[in-house]
Amino acid sequence: MDPALIARLAADLTAADFTVDGLTELWGEDAAAALHRGQRVPASRALTDSPLSTLARALVLGYPVDPAALDRALPTLTAAGAVTLGLADAAGSPLLDLRPYSVVDARGVAAWWIASDLGELALGHAIPEHHVLGVGGASTTLSGLMLAEPVELALDLGTGCGIQALHAARHAKRVIATDISERALELARFNAALNGFANIEFRLGSLFEPVAGERFGHVVSNPPFVITPRIAGVPEYEYRDGGMVGDALVAQVMRDVEKHLVPGGIAQLLGNWESGAVDGLDRVRGWVEATGLDGWVVERERQSVEQYAETWIRDGGTRPGPEFDRLYAAWLDDFASRGVTEVGFGYVTLRRPRFGAPTLRRFEHYGEPLGGSLGDHIAGVLAAHDWLQARDAAALAAASLSVAPDVTEERHYWPGEEHPTVMLLRQGSGFARTIPVGTALAAVVGACDGTLSVGTIVTAVAELLEVDAAALAAELEPQLRELVLVGVLLY
Ligand SMILES: C[S@@+](CC[C@H](N)C(=O)[O-])C[C@H]1O[C@@H](n2cnc3c(N)ncnc32)[C@H](O)[C@@H]1O
């Protein structure tokens, strides 16, 4: 952690254009996609003897390089400096993975370099149990969901390489990043320094122990949620396995986070939950209802226990064969012992009410593909919930709503029919929801242009359809509330 050497490394990486775009230009989109799938051959075929190629060969692809070439690629740090920083050994073999990372979100471009432990490809064998993971799919999922509202203090629980802490450090004055792994904290500290962040404090310890008695405006965690059999002979990967039975770790984080949130403070977590005799989302509902927190849980995916076991055994680097089969049996025995048949994966948003009792309790399965930066959308849903809470039926009827600009309507007709059989509202951003609507609701939504009140529109539509206006208003109210909540109608 020599700041002068880290500054030289940053200068050399910048000079070599060691960026996501620089590497994509070097080896092309297809090789980049192959690398994403864990295949480095296409990328390696594009390498030359430029400084960028040398850095990519050693730090991204994990091949040994000639120390003289490393010297040329890192002219101010030098190969000796790279050895001192622990990036490579004196013979030019990489000791760390270091790669560019970039994302564009509502706050602009974040372009960083992230160091982590060497992966399976560079090691040539399964990763060790104390492996510190780089930026993976779950990491980008959580950072893509992250709210960006300014807060004084944020917590990243289980920081690993520090990626969430860096994201949080863009909107929090100060971030505390914790981990049970000293090595993870070392790498996260290195990443913060390399990317010029001075507002992150790193603390060692399990779960909330390192922040006992402290409260945060924002808590983010991609916790070690992977369900693992607790028997001898099954590897316990620190980066994904919190050491508890089943999904108990996620339940505990959800329970304990309450006392670490300031009023109005928000926690965003990823998690797995087991489904068996009791449905997984109902179990999560139970965890949320045991707290005084608002809760919105989105189950993104559900896997059979077989798919789940295969995913995580393979993730640890075990290939099909007798060892794979032994682990597979252990996973199935573990699930069978609790009557678990499926495992859900999803996003949890918890909020400590500013005053009074919680009002938001939403538990949904949403399996459509999602991408991009959803933080502003999630903030919008929470704000819409509060707006709706403050309005009874009369107040909602008095409000003027408008259709969000990303919403389109799709109509399907039986051939030759004059009236549509199916009408769908499609959201172009946020969760990109598709919402079936009936004739009356479609007509009301269609007239919401921010001028007339909801009540006036509903009365006019009732006249048109020759139905009772009060009955129609009562029927449509929950549906209109849902459309406001999810961002189809703007208030
Ligand atoms: C899935 S990784 C997430 C890393 C990073 N935050 C990200 O989003 O990519 C989980 C992290 O939690 C850490 N961890 C495991 N058990 C923990 C515990 N009991 N308390 C705190 N952190 C723990 C692991 O060392 C690992 O770095």
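Side chains are part of it too, since the values below use all heavy atoms of this structure and drop only hydrogens, waters and symmetry mates. Each ligand, and each atom within it, is numbered from 1 in the order the structure gives.
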Atom indices of ligand 1, in the order listed, that fall short of 4.0 Å to a heavy atom of [X]:
X    : value
I163 : 7 (C), 8 (O), 9 (O)
G205 : 20 (N), 21 (C)
Q164 : 6 (N), 7 (C), 8 (O)
P224 : 10 (C), 12 (O), 14 (N), 15 (C), 16 (N), 17 (C)
D179 : 11 (C), 12 (O), 13 (C), 14 (N), 22 (N), 24 (C), 25 (O), 26 (C), 27 (O)

**Study point:** Close approach of L207 to ligand 1, heavy atoms, under 4.0 angstrom
**Key:**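 Yes, L207 has heavy atoms under 4.0 Å from ligand 1.
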Point to revise | Smallest separation among heavy atoms of R215 and L261, with atom names | key: NH1-O, 3.3 Å
Review point. Which heavy atom in I200 sits nearest to a heavy atom in L166, and how many Å separate them?
Key: CD1-CD2, 3.6 Å
Practice item. Looking only at distances, please establish whether an N/O atom of ligand 1 is found under 3.5 Å from an N/O atom of G158. Key: yes
Check your understanding: If you measure every N/O of R240 against every N/O of ligand 1, is any gap under 3.5 Å?
Key -> no
Review point. Are the charged groups of R433 and E368 less than 4.0 angstrom apart, N to O?
Key: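 So R433 does not pair with E368 through a salt bridge.
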Check your understanding: Would you call R283 and D247 a side-chain contact if the rule is heavy atoms closer than 4.5 Å?
Key ->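 SC-SC contact between R283 and D247 confirmed.
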Practice item. Between T159 and ligand 1, find which residue part has any heavy-atom pair under 4.0 Å and reply side chain, backbone, both or neither. Key: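 Answer for T159: backbone.
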Check your understanding: So, for W312 and F345, is the gap between ring centers shorter than 6.0 Å?
Key -> no
Check your understanding: Do the ring centers of H377 and F431 come within less than 6.0 Å of each other?
Key ->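 Centroid separation for H377 and F431: below 6.0 Å.
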